[in-house]
S.K.: 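Below you'll find the structure I mean.
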Amino acid sequence: MHADTGLAMCSPQWVRQRQCSSNTICIFISYVNIFFVLFLCNIINITEAAAARITLPGNASVSAVIIFGDSIVDTGNNNNNFKTLARSNFPPYGKDLKGGMPTGRYSNGKVPSDLIVEALGIKELLPAYLDPTLQPKDLLTGVVIAAGGAGYDPLTAQVAGVASLSDQLKQFKEYIKKLKAIAGEERANFIISNSLIFVVAGTNDISNTYFLTGMRKLEYDVPSYTDLMLNYASEFVKDLYGLGVRRIGVLNTPPIGCVPSQRTVAGGVLRECDEKQNQASQLFNSKLSAEVDDLNKNLPNSRVVYIDIYNPLLDLINNPTKYGFEVVNKGCCGSGIIEVTKLCNQFQPAGTCSDDSKYVFWDSYHPTETAYKIIVQQMLDKYANRFF
């Protein structure tokens with residue numbers, strides 16, 4: 001008998017199809033084969049994870065990661081907030097996350113919060129602060145306080161029915177109290193000052209509060225509205241500093257006019273990028289960059305880092321094949337042109353695309369895990385050393 005034939009006889013398919021002369025031996029070898037394959041896959045996953053790790057300079061360390069802002073980084077803080085439609089704790093959200101369970105992350109899998117802590121070797125997933133299953137030990141290495149739908153402008157969160165940045169600041173104060181109760185004041189203060197803090201906001205202000213609803217247009221033009229956003233952003237960073245935070249990464253706003261929903265709403269028949277929204281983002285980003293420079297000069301012993309995600313995401317959209325993408329103007333969920341949060345659900349007839357790794361966007365507003373991985377890796381490669 002040929003050797004290949006012998007191996008084939010011991011495959012699970014062969015065992016199902018015909019009676020083996022020695023069922024016990026064949027089934028045993030089949031399981032050995034399966035475990036061997038799983039072992040190899042595990043080795044590959046470990047190797048890939050190690051390759052994605054970030055090497056920090058010298059003796060630098062990060063105690064915890066704490067993230068404020070909106071749905072780009074929220075990992076489930078809106079799950080039990082029934083005043084808002086900005087929830088994603090239902091299928092098909094989270095279909096590629098471990099266990100395929102929706103957790104309140106606004107994507108098919110991991111979001112930037114998770115990818116950052118994973119790359120730093122802290123933990124695999126960064127939990128939501130309001131997660132009812134959160135354990136005291138989870139607080140030691142950080143949480144997400146962000147809420148989907150929030151913005152720098154308090155009106156943005158008010159209209160969405162979610163926690164504003166001032167509300168998130170209150171939650172952070174609660175977090176610090178809990179941390180001190182667990183670790184003691186001295187260690188808690190060290191954890192806070194040695195943490196990486198990220199602020200991710202502004203997108204909803206521009207896309208929803210200003211352009212979509214027009215709620216701020218009567219009293220502000222784009223330059224004055226971006227000034228308003230900037231003032232709130234600056235004060236928030238100063239408030240964090242006042243609570244002992246010393247390493248703060250402030251992400252700029254993305255090319256919001258190019259996300260699928262904004263193409264649909266304001267991109268015309270051809271669903272082109274809405275340049276008005278992109279120009280507003282660029283204007284705000286230029287002001288934010290200058291403000292971060294000033295904050296660094298005026299907040300002693302701090303590292304406030306301006307982080308550009310506008311250009312990395314725009315590069316994915318403009319040059320998709322360079323990164324292995326095929327679809328940039330619609331999301332994987334449903335028709336891809338309008339579905340987000342409640343509209344992206346398991347009951348909508350279009351279902352989801354067959355391969356979300358080919359899509360830059362998961363729904364009409366949020367990128368896929370694949371796109372997030374590329375952006376976060378580029379972000380950490382470029383900016384991680386600036387915090388130390």
Side-chain angles (χ1 to χ4, degrees), residues 41-76 94 96-99 103-129 137-146 191-200 245-252 254 303-313 315-316 323-325 356-357 360 362 366-388:
C41 289
N42 192 45
I43 293 295
I44 291 169
N45 287 337
I46 290 171
T47 303
E48 287 179 345
R53 290 283 173 89
I54 293 298
T55 302
L56 300 178
N59 295 320
S61 65
V62 177
S63 302
V65 172
I66 303 164
I67 304 186
F68 301 88
D70 58 28
S71 59
I72 297 299
V73 286
D74 185 4
T75 56
D96 298 320
L97 202 61
K98 184 182 291 185
T103 59
R105 289 166 170 82
Y106 297 77
S107 190
N108 59 299
K110 294 177 181 177
V111 295
S113 309
D114 307 309
L115 299 171
I116 290 169
V117 291
E118 189 174 33
L120 291 170
I122 295 175
K123 48 191 173 186
E124 185 181 3
L125 301 173
L126 194 60
Y129 177 62
K137 63 183 175 69
D138 294 326
L139 299 177
L140 298 172
T141 49
V143 291
V144 174
I145 301 181
I191 290 172
I192 295 300
S193 63
N194 202 44
S195 294
L196 284 188
I197 310 296
F198 292 93
V199 183
V200 185
V245 169
R246 291 298 179 266
R247 301 170 179 170
I248 308 170
V250 185
L251 278 66
N252 69 4
R303 292 292 181 96
V304 186
V305 180
Y306 171 82
I307 298 175
D308 174 32
I309 59 165
Y310 183 100
N311 289 298
L313 179 55
D315 195 43
L316 263 62
Y323 301 96
F325 295 112
D356 51 51
S357 70
V360 171
W362 161 246
H366 306 95
T368 56
E369 178 182 329
T370 303
Y372 278 141
K373 281 182 176 179
I374 295 169
I375 294 170
V376 169
Q377 190 65 46
Q378 291 178 355
M379 179 185 90
L380 292 174
D381 287 343
K382 183 175 181 180
Y383 298 103
N385 288 355
R386 301 187 189 183
F387 289 97
F388 306 98

S.K.: Would N194 and R246 count as having a side-chain donor-acceptor pair, cut-off 3.5 Å?
M.R.: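 R246 and N194 do not have a side-chain donor-acceptor pair below 3.5 Å.
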
S.K.: Can you tell if the side chain of L120 reaches within under 4.5 Å of the side chain of V65, non-hydrogen atoms only?
M.R.: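 Contact flag for L120/V65 side chains = yes.
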
S.K.: What are the two closest non-hydrogen atoms of H366 and Y372, and how far apart are they?
M.R.: CB-OH, 4.1 Å

S.K.: Taking all heavy atoms of M379 and all of I116, pick out the closest pair and write down the distance.
M.R.: CE-CD1, 3.7 Å

S.K.: From I72 CD1 over to S107 OG, what is the distance, rounded to the nearest 0.5 angstrom?
M.R.: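 OG of S107 is found 9.0 Å from CD1 of I72.
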
S.K.: Apply salt bridge (charged side-chain N to carboxylate O under 4.0 Å, His left out) to the pair D114 and R105, showing each step before the final yes or no.
M.R.: CA-CA 10 Å; D114 307 309; R105 289 166 170 82; 2.7 Å; yes

S.K.: Kindly say whether G104 contributes a backbone atom to a donor-acceptor pair with the side chain of D74 at under 3.5 angstrom?
M.R.: no

S.K.: Quick one: closest heavy-atom pair of L125 and L97, and the distance?
M.R.: CD2-CD1, 4.3 Å

S.K.: Of all heavy-atom pairs between L251 and I309, which one has the smallest distance, and what is that distance?
M.R.: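 Taking every non-hydrogen atom into account, CD2-CG2, 3.8 Å.
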
S.K.: Does the side chain of F388 come within less than 4.5 Å of R247's, by heavy atoms?
M.R.: yes

S.K.: I145 versus I66: any side-chain heavy-atom pair under 4.5 Å?
M.R.: yes

S.K.: Just wondering, do I307 and F198 contact through their side chains at under 4.5 Å, heavy atoms?
M.R.: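 Yes. Closest side-chain heavy atoms under 4.5 Å.
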
S.K.: For residues A64 and G142, report the shortest heavy-atom separation together with the two atoms involved.
M.R.: CB-N, 3.5 Å

S.K.: Taking L126's backbone N and O only, do any of them form a donor-acceptor pair with T75's side chain (distance below 3.5 Å, no angle check)?
M.R.: yes

S.K.: With a 4.5 Å heavy-atom cut-off, do L313 and V360 have their side chains touching?
M.R.: yes

S.K.: Quick one: are T368 and W362 in side-chain contact, heavy atoms under 4.5 Å?
M.R.: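 A side-chain contact under 4.5 Å exists here.
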
S.K.: Using a distance-only test with no angle check, is there a side-chain donor-acceptor pair under 3.5 angstrom linking D315 and Y323?
M.R.: yes

S.K.: Report the distance from atom OG1 of T141 to atom CD1 of I122, rounding to the nearest 0.5 Å.
M.R.: 7.0 Å

S.K.: Taking side chain as C-beta onward, heavy atoms only, is V111 less than 4.5 Å from V73?
M.R.: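 No, every pair of side-chain atoms sits at 4.5 Å or beyond.
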
S.K.: For a quick test of reading the model, state the closest non-hydrogen atom pair linking K110 to E118 and the distance between them.
M.R.: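 The answer is NZ-OE2, 2.9 Å.
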
S.K.: Measuring from atom CG of L140 to atom OG of S195, what distance do you get when rounded to the nearest 0.5 angstrom?
M.R.: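 One gets 10.5 Å once the value is rounded to the nearest 0.5 Å.
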
S.K.: To the nearest 0.5 angstrom, please state how far the CD1 atom of I375 sits from the CG atom of L380.
M.R.: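 I375 CD1 to L380 CG: 12.0 Å, rounded to 0.5 Å.
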
